[in-house]
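Residue numbers start at 1 and run along the sequence shown.
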Amino acid sequence: METTTYTAGILQYIPFFYVIWSDDLLSYSEISVVKNAIKNDDTLTKEDLSYLLKNLDKKKPPSYQEIKHWKQVISHSKIKLVESDVYPLATFSQNMICHHFEACPFNNHLKDIEINLGIQPNHYNHLFEVQIIKVTSSSFYNPLEIDNILKGEHAPVVDAFRDVLKDPIFKWSIRREKSAFRAHVLKQVTFLAKEGYGAMAYPEAYGGTDNMPAYAAVFENMMYVDGSMAIKFGVQFGLFGGSIQKLGTKLHHDTYLSETGKATILGCFAMTETGHGSNVRGIKTTATFDKETDSIVIHTPGENDNKEYIGNALDSTMASVFAQLIVEGKNHGVHAILVNIRDAEHKLMPGVTIEDNGYKLGLNGVDNGKIWFHQVRVPRENLLNKYGDITPKGRYHSDIENPSKRFFTMLGTLVGGRICVARAGLGGAKKALAIAVKHALKRRQFNDSIKVQEDLLMDYPSHQLRLTPAIASCYVYDITLTHMMKLYSDTTVPDKRKVETQVAGLKSIITWFANDTIQECREACGGKGYLMENQIADLKGDVDIFTTFEGDNHVLLQLAAKGVLSDFKSELNSDGFTAVLKLLGARISDTLTTINPAYTNNVDTVHLYSSKFHKDAFDYRTRRLTYTIAMRIRDYVKKGIPSYQAFLKVQTHLLELGKAYSVELAYNTYIDFTATIEEEKNRLLFEKLGVLYALNELKKDASWYLEQGYISGTKSKALRKRVERLSTELRPHIGTLVDGFGIPEHCMQAPIAK
């Protein structure tokens, strides 16, 4: 068929047909969308309709010659495709009609196809041998609206804090000498304390607003300035001050809390030991009550029992020391005691030895040190005694009689620190992504030798795949951590064990994600990302340790997994036969699903994008891992293997359960949130980001799902292709999405991000 013999009705659909048949992802549901639009287009003649429908048959697709001819028609039109048009392909088609015919109205049916199929210019600009007028980013979404969705009810506090960061004291520069770096960070933290941010999470009576969720939101924003400042701030006000607030009583609050919030008392959080890192319960430092002097003696018993990696150790005058409390010869487990470690002239107190940890991979603005105590005596009242006390008569008393429950209740009050570490890691990932994306929207590289300009990095599908799923993950994790902090701060729920389990897993997967993302951003920026001036290098060094402190990620994942197993065991114990039937029913349901080819081979877009499919898949993985671990442990115990050894045998299995549980928790939390977004346009965007997160996570675990028979090879391939497709669909909005993180312009000082 010659170009001149195409009717206007057919010609307007040629660009669409060329695009969709050049995309091997075309599914029956997508064809259905096009067919419905065509059938409802009353401007088409019967002949037009017949030709178009004939070329929408997946079983008999258009021939190579036909598709080649469509390409020639498009090329000969000499029409420019403008990416900045609201509906680029529909507008392009209209312009083609205008080139050949006098009447060329805009066809809304084409617009509907473009919207419903999610067709974006970067899907097809390589298909057209025409000049394309490029813009780097679409203005369809408003980054301020997106940022406000993320900030939620804390928007006024966060906005005010971002304004504070305009002060010259927060201007970033390369600092390599640790003494000067530390001195500058201390000035920054003291400045923030004077502005009222140090005491934010404390009660109003002590200078705060009693708003821990807002504190966490502000804390993430500190990473946009400097990781050392954020961690120094967190140690002083979150860990040291938090231990006084959460573990102490009114005497301690009245004596220390206000001054801590003002940074007139500088403190450190002395928990970790050289010989015992994540195993807090096994620490060796002792706190022995001396009845004769009514005092507590703090002592480091062995060579490797010193406190290690203690932030603020070189600046502090006081330490919150975690030690084994011994009263009347009996060990009552780990408790926290306030210990003066320096006098008014900043000299070490008798019996206290402190050494600088020296230079580290990152966070060199934080003064980490080692601390030894040699028979250091403090008043009995220095015991932070909310959960365990020593009476004036020298007797130990606790309202929580079970030592194990008491220990975990004490640690549960400090879960907020893990949430803040995860938020800080997320802040680092966001900033790295913002820098990498802004660079990729300017930097050009390679072309096809025909184009005048080289292509933008961000227009390469591989670059989109490297950065876009990570951006989607940032949105999911932001919403999740905000929700977790709200749960943690809910005073109507005193038992924080469930939240502790959840946060343990989330802290692990999010800090690993942050490290992986920052590394990807470094590579995505090439040599520019390696330069200190572009800040990704500092982010890489600073965030690396987040996988270790506040609990090593491998240990925390096992904690999360054991929490899931405990819930599983409780359900069986409480429901008995009913729970067994429920479990068997679930297994039968799983089996029916996994052996059903209609499900395992379903690659339809509607199915793959459905939150029900995502939830079912995540739930299946968590439940199956839980069940198989439980059965393995049961079998080992039946053989006479001690329970501790049985857990060691399934350790790697536990780690996988911890990850699966955490991913499912994050996704479900995010999906529940998206349903509350009132403005439809933004809700649909957030939903699409959720789909990308889910499919990317399923893609990463595709081998496991394949082993279980839950998906087929065809479906696994479709997952991968859909992740690529969604990454491409979001390309026009990539700049808006990183601007939606709300990183202030005065904190984006990397030259490649300007």
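Between Y309 and F549, the distance separating the two ring centers is not shorter than 6.0 angstrom. Separation of the F237 and Y197 ring centroids does not fall under the 6.0 Å cut-off.
In terms of heavy-atom proximity, A537 sits nearest to Y530 at CB-O, 4.3 Å. The two residues C474 and L433 make their nearest non-hydrogen contact at SG-CD1, 3.6 Å.
Exactly one residue among F191, F170, F161, Y215 makes a ring-ring contact (aromatic ring centres under 6.0 Å, His included) with F233. That residue is Y215. Checking each of F741, F513, Y667 against Y477 for a ring-ring contact (aromatic ring centres under 6.0 Å, His included) leaves exactly one that passes, namely F513.
Residue E195 qualifies as enclosed at atom CD: its count of foreign heavy atoms under 6.0 Å is above 12. Counted within 6.0 Å of NZ on K442, heavy atoms from surrounding residues, nucleotides or ligands total more than 12; the atom is thus considered enclosed.
Using a cut-off of 4.0 Å between Lys/Arg side-chain N and Asp/Glu carboxylate O, D315 and K232 are scored as salt-bridged. D226 and K431 are not joined by a salt bridge, as no carboxylate oxygen comes within less than 4.0 angstrom of a charged side-chain nitrogen. One finds no salt bridge joining R418 and E550 here, because no Lys/Arg side-chain nitrogen approaches an Asp/Glu carboxylate oxygen to under 4.0 Å. Under a 4.0 Å N-O distance rule, the pair K486/D490 does not qualify as a salt bridge.
The line from NZ of K194 to OG1 of T190 is 7.0 Å long, rounded to the nearest 0.5 Å. We find the CZ-NE2 distance between R182 and H184 to be 15.0 Å, quoted to the nearest 0.5 Å. Rounding to the nearest 0.5 Å gives a distance of 10.5 Å between NE2 of H253 and OG1 of T260. To the nearest 0.5 Å, the span separating SG on C420 from CG on L426 amounts to 12.0 Å. The distance from the OG atom of S473 to the OH atom of Y670 is 10.0 Å, given to the nearest 0.5 Å. Note that CG of L239 is 10.0 Å distant from CD1 of I310, once rounded to the nearest 0.5 Å.
N364 contributes a side-chain N or O that, together with a main-chain N or O of K360, makes up a donor-acceptor pair within less than 3.5 Å. Side-chain atoms of R522 do not come within 3.5 Å of backbone N or O of K528 as any donor-acceptor pair.
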Using the rule given for side-chain hydrogen bond (donor to acceptor under 3.5 Å, both in side chains), can you reason through S320 versus S243, listing the C-alpha separation, both sets of side-chain angles and the distance that settles it, and then say yes or no? CA-CA 7 Å; S320 182; S243 66; 3.0 Å; yes
Applying side-chain hydrogen bond (donor to acceptor under 3.5 Å, both in side chains) to E259 and T264, what does each step give before you reach the verdict? CA-CA 5 Å; E259 300 307 307; T264 51; 2.6 Å; yes
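Residues M748 and Y224 fail the side-chain proximity criterion, which asks for heavy atoms closer than 4.5 Å. Proximity of F546 to N553: side-chain heavy atoms (C-beta onward) are nowhere separated by under 4.5 Å. Inter-residue side-chain proximity for F269 and Q236 is flagged as unmet; no heavy-atom pair is nearer than 4.5 Å. Contact check for L192 versus V189: no side-chain heavy atoms found under the 4.5 Å cut-off. Put simply, the side chain of L737 does not reach to within 4.5 Å of the side chain of V437, judged on heavy atoms. Between F673 and T482, the closest side-chain pair of non-hydrogen atoms is not below 4.5 Å. Counting only heavy atoms from C-beta outward, the side chains of N368 and D356 never approach each other to under 4.5 Å. The shortest distance between side-chain heavy atoms of R176 and M532 falls below 4.5 Å.
Between the side chains of E687 and T674, no donor N or O sits under 3.5 Å from an acceptor N or O.
Legend: salt bridge (Lys or Arg N to Asp or Glu O under 4.0 Å) pairs involving residues 196-209, not counting sequence neighbours: none detected.
Relative to the six-membered ring of W512, K507 misses at least one condition, a distance below 6.0 Å or an angle of at most 45° to the axis. Taking the ring axis of Y359 as reference, the NZ or CZ atom of K178 stays within 45° of it and closer than 6.0 Å to the ring centre.
E679 is linked by a side-chain contact (heavy atoms from CB on, under 4.5 Å) to K681, N682, counting only residues two or more places apart in sequence or in another chain.
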